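Before any comments, here is the structure.
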Amino acid sequence: MAITQTPKLPLCATRVTKDTAATNSSVKNIDLTATNLLSVHVDNSSYATLVYWKAWDHVDPVVGTTPPDYQVPIPANGNRTIHLRGNLSLGGVRMKNGLSYAVTTDPGTTGNSAPATPPTIYIRSTAGVV
Amino acid sequence: MPTLIQSTVLGALGSTLTTLAGLDSTKQAVKTSSATVYFVTLDNSQNLGTNAVLKLYDAALGSVTVGTTAPTLVLTAHPGEIAEKHDDQGIAFGTAITAACVQEGGDGGTTNPPKSVTAEILH
């Protein structure tokens, strides 16, 4: 038998980022280093328009130009908690360069319209261990 | 004797699991009418050097041009990894679900993953 055991790292987030007015200006490299993105909760309950939460594994994306690596639609007057997995040992998905995000009302790479009522976002991440 | 309780499990988390083995830039119809997507996985474990990016479009197959049409949902799997996205309430697709997988994020990109990737979509 040959087993390998890596140090136990926290599967729960070590950091929660709250943004009470997420909009089309990207919030860049929120953990200031590589990080694991575990989940995001987007509260769009006060806005009667569908919005798109976009995330980049990029320290300096340009909203409307840089192709998002992750994108999830959040319904009008709704909220969603999105759980992400990919990194089997650490949980979450790896953001090897850094985690940046924005919210727009239009999808895809070129979408850069700001929501009239910015949603509140909670992001759970574990910084520095990818 | 223990009390046995059996509850009816509501079909709230979808009724169909669509598996797309060998998904690439050739668009595939997952569902031809409206649906709610609860769980998505993308198995990129065979590609150790490239990302795979799953794109789901809220559009009928004929209305999607991979590399041009803006996707509704984007999920990136890093090299050698299986990415998952799930939420209990689901994401509504009002028209249809069409899927494709390339190496690039966002709207653009038509580069096939070098080796086979498999996507699973619970709707």
Side-chain angles (χ1 to χ4, degrees), chain A residues 34 36-45 50-58 61-97 99 102 104-113 130, chain B residues 13 34 36-45 47 50-59 64-95 97 100 102-111 117 120 122:
Chain A
N36 282 291
L37 167 62
L38 289 101
S39 71
V40 57
H41 177 81
V42 183
D43 182 356
N44 192 38
S45 57
L50 183 147
V51 299
Y52 294 87
W53 176 79
K54 300 174 183 177
W56 292 266
D57 181 8
H58 195 293
V62 177
V63 180
T65 301
T66 308
D69 296 306
Y70 301 87
Q71 175 184 285
V72 179
I74 309 298
N77 293 129
N79 59 76
R80 290 290 183 275
T81 301
I82 309 298
H83 300 279
L84 293 158
R85 266 190 305 202
N87 183 341
L88 295 179
S89 60
L90 301 173
V93 290
R94 300 175 202 266
M95 295 292 192
K96 296 178 180 177
N97 299 302
L99 167 58
T104 66
T105 58
D106 36 7
T109 302
T110 58
N112 63 357
S113 301
V130 298
Chain B
L13 293 181
S34 62
T36 300
V37 172
Y38 294 94
F39 191 91
V40 177
T41 67
L42 180 62
D43 183 349
N44 190 37
S45 55
N47 294 301
T50 56
N51 285 348
V53 183
L54 175 67
K55 301 179 184 183
L56 297 184
Y57 304 86
D58 185 1
V64 171
T65 301
V66 178
T68 302
T69 305
T72 299
L73 188 147
V74 178
L75 177 67
T76 297
H78 288 294
E81 294 190 347
I82 302 171
E84 299 177 358
K85 181 215 78 70
H86 63 95
D87 72 286
D88 295 341
Q89 294 173 280
I91 301 297
F93 282 65
T95 301
I97 307 171
V102 296
Q103 293 186 36
E104 303 87 355
D107 305 353
T110 58
T111 311
V117 303
E120 292 184 326
L122 179 61

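These numbers come from a predicted model, not from an experiment. In what follows, chains carry the letters A, B, and so on, assigned in the order in which the sequence lines appear, proteins first and then strands, with residues in each chain numbered from 1.
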Worksheet item: To the nearest 0.5 Å, how far apart are CD in B:Glu84 and CG in A:Leu84?
Response: 9.5 Å
Worksheet item: Do you know the tightest heavy-atom contact between A:Gly108 and B:Ala70?
Response: CA-CB, 4.0 Å
Fill in: chain B contact via A:Tyr52 - side chain, backbone, both or neither, heavy atoms under 4.5 Å
side chain
Worksheet item: About how many Å separate NE2 of B:His78 and NZ of A:Lys96, when rounded to the nearest 0.5 Å?
Response: 6.0 Å
Worksheet item: So which residues of residues 74-81 of chain A are in contact with chain B at a heavy-atom cut-off of under 4.5 Å?
Response: A:Asn79, A:Arg80, A:Thr81
Item to complete: Examine distances only and state if a side-chain atom of A:Gln71 and a backbone atom of B:Pro71 form a donor-acceptor pair shorter than 3.5 Å.
Response: yes
Worksheet item: Are any non-hydrogen side-chain atoms of B:Glu81 and A:Val93 less than 4.5 angstrom apart?
Response: no
Discussion item. Under the side chain to side chain contact (heavy atoms under 4.5 Å, CB included) test against A:Tyr70, which residue among B:Thr76, B:Val74, B:Val53 passes?
Written reply: B:Thr76
Worksheet item: So what's closer than 4.5 Å to chain A heavy atoms on B:His86: side chain, backbone, both or neither?
Response: both
Worksheet item: Highest number of heavy-atom pairs under 4.5 Å with chain A: which of B:Asp87, B:Leu73, B:Val40, B:Asp107?
Response: B:Asp107
Worksheet entry | side chain to side chain donor-acceptor pair (under 3.5 Å) partners for B:Thr69, two or more places apart | none
Practice prompt. Evaluate the side-chain proximity of B:Thr72 to A:Pro107: yes if any heavy-atom separation is below 4.5 Å, no if none is.
Written response: no
Worksheet entry | Largest heavy-atom contact set with chain A, pairs under 4.5 Å, which of B:Gly90, B:Ala77, B:Gly109 | B:Gly90
Worksheet entry | Point-to-point distance, once rounded to the nearest 0.5 Å, from CG of A:Asp69 to CG of B:Leu75 | 10.5 Å
Item to complete: Name the region of A:Thr110, side chain, backbone, both or neither, that has any atom closer than 4.5 Å to a heavy atom of chain B.
Response: both
